[in-house]
Amino acid sequence: MSQSSKAIDVMPAAALTALRKLGVDLTIARQRRREARPAWAARLNVSIPTLIRMEKGDPTVGMGVYATALWMMGRHTALGALASPKDDHAALEQELLTVTRRHKKTKNNESRETA
């Protein structure tokens, strides 16, 4: 058996919660489609135990399995949009702070030169 990643050991609680919600949502999607676990697992090309772990939001299940499950639901484009730069508000705020600081620094240097 392979060792689990240390990143999983320190995974933030909020990320684990989101992954568990994804697993529950994937379970509901499968059930609403009236697909039995063996059929869904075969379509995903995984074992039934791996499917069960995915449906529990297990972070050790490969991202490709989650992505394929989303594709099977017709939701794969949502995955591609998750980290879209246009929606990365924290990075935008950081860039604005950098520009503001740079502007203040330039303004202070200009004030010193004219004094």
Side-chain angles (χ1 to χ4, degrees):
M1 185 171 206
S2 64
Q3 285 185 320
S4 90
S5 168
K6 292 193 187 308
I8 292 171
D9 295 337
V10 296
M11 184 178 249
L16 268 175
T17 299
L19 202 49
R20 287 189 182 123
K21 181 185 180 322
L22 175 61
V24 168
D25 292 346
L26 291 171
T27 302
I28 292 168
R30 176 184 57 78
Q31 292 170 340
R32 290 177 72 193
R33 287 165 176 75
R34 300 181 196 272
E35 290 257 6
R37 278 186 173 150
W40 201 253
R43 290 181 63 200
L44 283 167
N45 200 28
V46 298
S47 67
I48 293 171
T50 298
L51 173 64
I52 291 168
R53 288 185 12 247
M54 181 195 75
E55 290 184 343
K56 289 181 178 180
D58 186 332
T60 65
V61 173
M63 187 168 183
V65 177
Y66 285 100
T68 301
L70 290 167
W71 173 80
M72 287 170 36
M73 298 173 47
R75 299 281 297 145
H76 57 284
T77 56
L79 181 62
L82 286 176
S84 173
K86 70 178 180 147
D87 296 323
D88 189 354
H89 301 292
L92 178 60
E93 287 176 16
Q94 188 174 356
E95 287 176 349
L96 288 172
L97 278 172
T98 301
V99 169
T100 303
R101 287 179 186 146
R102 193 176 306 142
H103 177 72
K104 285 181 181 178
K105 187 177 179 181
T106 303
K107 199 172 184 180
N108 285 341
N109 285 343
E110 288 174 359
S111 296
R112 289 183 189 144
E113 290 174 2
T114 56

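What's counted below: heavy atoms across the whole structure, side chains too, no hydrogens, waters or symmetry copies.
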If hydrophobic clusters are built by linking Ile, Leu, Val, Met, Phe, Trp and Tyr wherever their side-chain heavy atoms come under 4.5 Å apart, do [X] and [Y] end up in the same one?
X	Y	result
L82	M54	yes
M63	W71	yes
L79	L44	yes
M72	L51	yes
V61	I48	no

With a cut-off of 6.0 Å (strictly less than), are more than 12 heavy atoms of other residues, nucleotides or ligands near CG of N45?
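Result for CG/N45: open.
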
Using the rule given for side-chain contact (heavy atoms from CB on, under 4.5 Å), can you reason through Y66 versus L26, listing the C-alpha separation, both sets of side-chain angles and the distance that settles it, and then say yes or no?
CA-CA 9 Å; Y66 285 100; L26 291 171; 3.8 Å; yes

Look up atom CG in L22 and atom OG1 in T17, then write down how far apart they are to the nearest 0.5 Å.
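Interatomic distance, L22 CG to T17 OG1, rounded to 0.5 Å: 12.5 Å.
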
Measuring from L70:CG to T77:OG1, what's the distance to the nearest 0.5 Å?
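The CG atom of L70 sits 9.5 Å away from the OG1 atom of T77.
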
Running the 4.5 Å side-chain criterion over Ile, Leu, Val, Met, Phe, Trp and Tyr, what cluster does L92 land in, apart from itself?
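Members other than L92 - counting any ILVMFWY side chain reachable under 4.5 Å - are L96.
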
Can you name the closest pair of heavy atoms from T50 and S47 and give their distance?
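Here T50 and S47 meet closest at OG1-OG, 3.0 Å.
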
Which pairs of donor and acceptor atoms, one on a side chain in residues 28-37, lie under 3.5 Å apart (sequence neighbours left out)?
| unit_1 | atom_1 | unit_2 | atom_2 | d |
| --- | --- | --- | --- | --- |
| R30 | NE | E55 | OE2 | 2.6 |
| R30 | NH1 | E35 | O | 2.9 |
| R30 | NH2 | E55 | OE1 | 3.3 |
| R33 | NH1 | A29 | O | 3.0 |
| R33 | NH2 | M73 | O | 3.4 |
| E35 | OE2 | R43 | NH1 | 2.9 |
| R37 | NE | E55 | OE1 | 3.2 |
| R37 | NH2 | E55 | OE1 | 3.2 |

